[in-house]
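Reviewing the structure listed below.
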Amino acid sequence: MTNVSQIIPVPEQFSDIAPYSDLEFNQKLSHLVKEPGFEHAVKYAMPSGMDYPAYAAQLLQVHSQNEFQQKIMWPFLEMLAKRTTMGITIGGLDNIRTDCNYTFLTNHRDIVLDASFLNLNFLRNGLQTTEIAIGNNLLIYDWITDLVKLNKSFIVKRDVRMIEALKAAKQLSGYIHFAVTQKKQSIWVAQREGRAKDSNDLTQESLVKMLALGGNGSVRENLQEINITPVSISYELDPNDYLKAREFLMRRRNPEFRKSQRDDLFAMETGLMQQKGRVHFEVSTPISGKLAEFGSEDKSEVVKYTCGLIDTAIHSGYHIFPSNYISYDEVNNCSRFKEMYSEKDMSDFDAYINGQLDKVDAEIADITAEERTFMRVKMLEMYANPLKNKLVATRRR
């Protein structure tokens with residue numbers, strides 16, 4: 001992929017959401033390393049006893065986004081992969097051409113690491129990393145905004161007033177089209193706002209409608225222009241599974257329950273630092289060719305067709321682990337996939353689930369046996385749904 005992203009200046013209308021340019025890089029980085037919150041986060045994520053002043057001095061020797069990715073993020077992500085996974089793999093790289101740029105659209109499992117681990121795979125294989133879409137609801141502190149914009153992230157404005165929502169959507173879509181077609185920069189975006197708590201991954205029509213706002217052609221032509229390429233993300237274990245089950249319980253108790261910023265921050269920390277087992281990415285073929293063949297120009301039909309293409313590609317690309325097979329059989333009270341896991345797999349996964357549920361019990365003292373069973377079922381559904389969807393998608397293809 002040709003990288004001219006630092007040569008093309010970003011138009012003023014995108015400046016508040018775009019990543020920092022290399023011209024801004026050193027000033028913003030110099031400010032960031034002085035932030036106590038950033039220092040705390042670095043010490044939390046890095047091995048104990050690390051010398052922060054020496055690390056900050058190393059950071060200040062970096063002068064561009066690409067250098068930051070190569071010298072800082074790559075070794076950090078390799079360290080994180082070694083500490084918190086049993087290996088990260090990728091398939092479908094033959095679907096990526098180095099002379100093209102892409103809108104990589106994925107399912108969403110982890111707040112931080114979905115895009116980061118995808119970029120790690122690209123770094124390992126000598127490919128250009130993506131710019132990353134990140135919701136401003138996660139930018140709890142100013143230093144987090146600086147960090148993500150230094151690290152090739154652009155901002156998605158969430159929870160804006162209805163009168164401003166269309167303006168924000170047009171700005172975001174315009175920037176994505178600009179990044180892909182003029183900056184020659186691939187981007188990453190999740191298929192929906194937030195994570196699917198039950199791992200039943202479905203593309204939001206509102207996302208596709210937003211992507212089609214940029215460009216100067218029809219809805220179909222505008223979607224073709226940004227070269228949408230679905231990518232499936234599969235985690236053997238989800239460190240946040242018990243937090244999602246807890247949220248299901250809290251909403252069951254109180255339908256008005258809303259997570260706090262503290263909850264989001266803790267979920268980010270948990271996803272970063274806890275064990276994920278094996279992780280796999282599968283890159284599908286771009287959908288532009290199938291969009292070009294679609295006969296209708298009706299906006300709603302094009303949007304629905306696009307969502308269907310993305311969903312089928314993502315569902316078909318899941319890597320299925322023993323945890324998925326075990327959960328599917330337990331949820332459906334069957335032994336359809338008993339050949340795909342051992343007795344040890346079952347006992348290990350059962351112990352894992354119980355250990356995760358114990359974390360909720362330790363926090364909420366009045367959980368009943370019935371509520372614990374409810375949360376267990378919700379957790380099993382999280383692991384069963386990728387297999388359930390893959391079975392449907394592979395029959396459809």
Side-chain angles (χ1 to χ4, degrees), residues 1-11 14 17-25 28-29 62-78 80-81 88-106 108 112-134 147-156 172-191 211 214 223-233 279-288 313 317:
M1 298 177 204
T2 305
N3 186 9
V4 296
S5 61
Q6 297 307 313
I7 300 173
I8 304 295
V10 174
F14 305 133
I17 64 171
Y20 292 138
S21 71
D22 285 352
L23 292 176
E24 304 170 277
F25 192 88
K28 298 295 185 180
L29 188 58
V62 175
H63 302 293
S64 69
Q65 285 187 346
N66 286 333
E67 198 178 351
F68 187 79
Q69 296 260 306
Q70 292 280 335
K71 294 184 177 180
I72 304 299
M73 292 309 300
W74 190 351
F76 172 73
L77 290 171
E78 291 287 11
L80 205 60
I88 301 173
T89 54
I90 189 167
L93 288 180
D94 54 342
N95 291 317
I96 300 175
R97 290 173 43 182
T98 57
D99 61 341
C100 292
N101 300 284
Y102 299 85
T103 297
F104 293 109
L105 201 150
T106 77
H108 198 14
V112 177
L113 291 179
D114 289 345
S116 297
F117 280 162
L118 178 62
N119 278 338
L120 175 61
N121 279 306
F122 289 164
L123 286 164
R124 288 172 172 176
N125 288 278
L127 298 171
Q128 178 195 358
T129 56
T130 71
E131 288 188 4
I132 299 168
I134 184 167
L147 175 61
V148 300
K149 292 185 78 171
L150 284 165
N151 192 33
K152 293 182 71 172
S153 295
F154 58 96
I155 309 304
V156 179
L172 177 61
S173 187
Y175 177 74
I176 290 170
H177 281 258
F178 167 77
V180 173
T181 64
Q182 296 184 54
K183 284 179 74 177
K184 304 301 181 184
Q185 172 64 62
S186 292
I187 66 113
W188 172 89
V189 63
Q191 67 180 158
L211 292 173
L223 292 171
Q224 287 178 255
E225 180 177 83
I226 55 173
N227 207 13
I228 296 171
T229 303
V231 181
S232 312
I233 306 176
V279 179
H280 184 74
F281 291 77
E282 191 66 31
V283 181
S284 180
T285 56
I287 66 170
S288 296

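Remark: Leu29 CG to His63 NE2 distance equals 9.5 Å, nearest 0.5 Å. Rounding to the nearest 0.5 angstrom, the gap separating the CZ atom in Phe122 from the CD atom in Gln128 is 9.5 Å. Considering CG of Leu150 and CG of Asp22, their distance stands at 10.0 Å, rounded to 0.5 Å. Distance check: Asn95 CG to Glu282 CD gives 8.0 Å after rounding to the nearest 0.5 Å. Atom CD of Glu131 sits about 13.0 Å away from atom CZ of Phe104, to the nearest 0.5 Å.
Listed by chain and number, the residues in a ring pair (Phe, Tyr, Trp, His ring centres under 6.0 Å) with Tyr175 are Phe14, Phe154 (sequence neighbours excluded). Legend: residues meeting ring pair (Phe, Tyr, Trp, His ring centres under 6.0 Å) with His280, ordered by chain and number and at least two apart, are His319. Shown here are the side-chain contact (heavy atoms from CB on, under 4.5 Å) partners of Ile132, two or more places apart in sequence or in another chain: Ala115, Asn119, Thr130, Ser153, Trp188. Under the side-chain contact (heavy atoms from CB on, under 4.5 Å) criterion, Thr103 pairs with Ile176, Val180, Ile187, Val189, Ile226, Ile228, sequence neighbours left out. For Gln69, the side chain to side chain donor-acceptor pair (under 3.5 Å) partners two or more places apart in sequence, or in a different chain, are Thr129, Asn151. Val156 pairs by the side-chain contact (heavy atoms from CB on, under 4.5 Å) definition with Ala133, Arg158, Leu172, not counting sequence neighbours. Taking the salt bridge (Lys or Arg N to Asp or Glu O under 4.0 Å) definition, one finds that Glu24 meets it with nothing, sequence neighbours left out. Annotation: side-chain contact (heavy atoms from CB on, under 4.5 Å) contacts of Asn121 (sequence neighbours excluded): Ile88, Ile90, Arg124, Phe281.
Contacts classified as salt bridge (Lys or Arg N to Asp or Glu O under 4.0 Å) and involving residues 66-76 (residues at least two apart or in different chains) are given here: Glu67-Lys71.
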Would you sort out whether Leu120 and Leu80 count as a side chain to side chain contact (heavy atoms under 4.5 Å, CB included), showing the intermediate values? CA-CA 11 Å; Leu120 175 61; Leu80 205 60; over 6 Å; no
What verdict does the side chain to side chain contact (heavy atoms under 4.5 Å, CB included) test give for Tyr102 and Ser186, after you've listed the backbone C-alpha separation in whole Å, the side-chain angles of each residue and the deciding distance to 0.1 Å? CA-CA 5 Å; Tyr102 299 85; Ser186 292; 3.9 Å; yes
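Here the side chains of Ile233 and Leu118 are not in contact, with every heavy-atom distance at 4.5 Å or above. Side chains of Ile287 and Pro230 form a contact here, defined as non-hydrogen atoms less than 4.5 Å apart.
Nearest heavy-atom pair across Ser284 and Ala313 is OG-CB, 3.5 Å. For the pair Ser232 and Gly317, the tightest heavy-atom approach, listed with the atom from each and the gap, is OG-CA, 3.3 Å.
Of the possible polar contacts, none joining the Tyr20 side chain to the Gln65 backbone as a donor-acceptor pair under 3.5 Å is found. At least one donor-acceptor pair under 3.5 Å links the side chain of Thr229 to the backbone N or O of Asn227. The main-chain N or O of Ala18 is found under 3.5 Å from a side-chain atom of Lys149 such that the two form a donor-acceptor pair. Side-chain atoms of His177 come within 3.5 Å of backbone N or O of Leu211 as a donor-acceptor pair.
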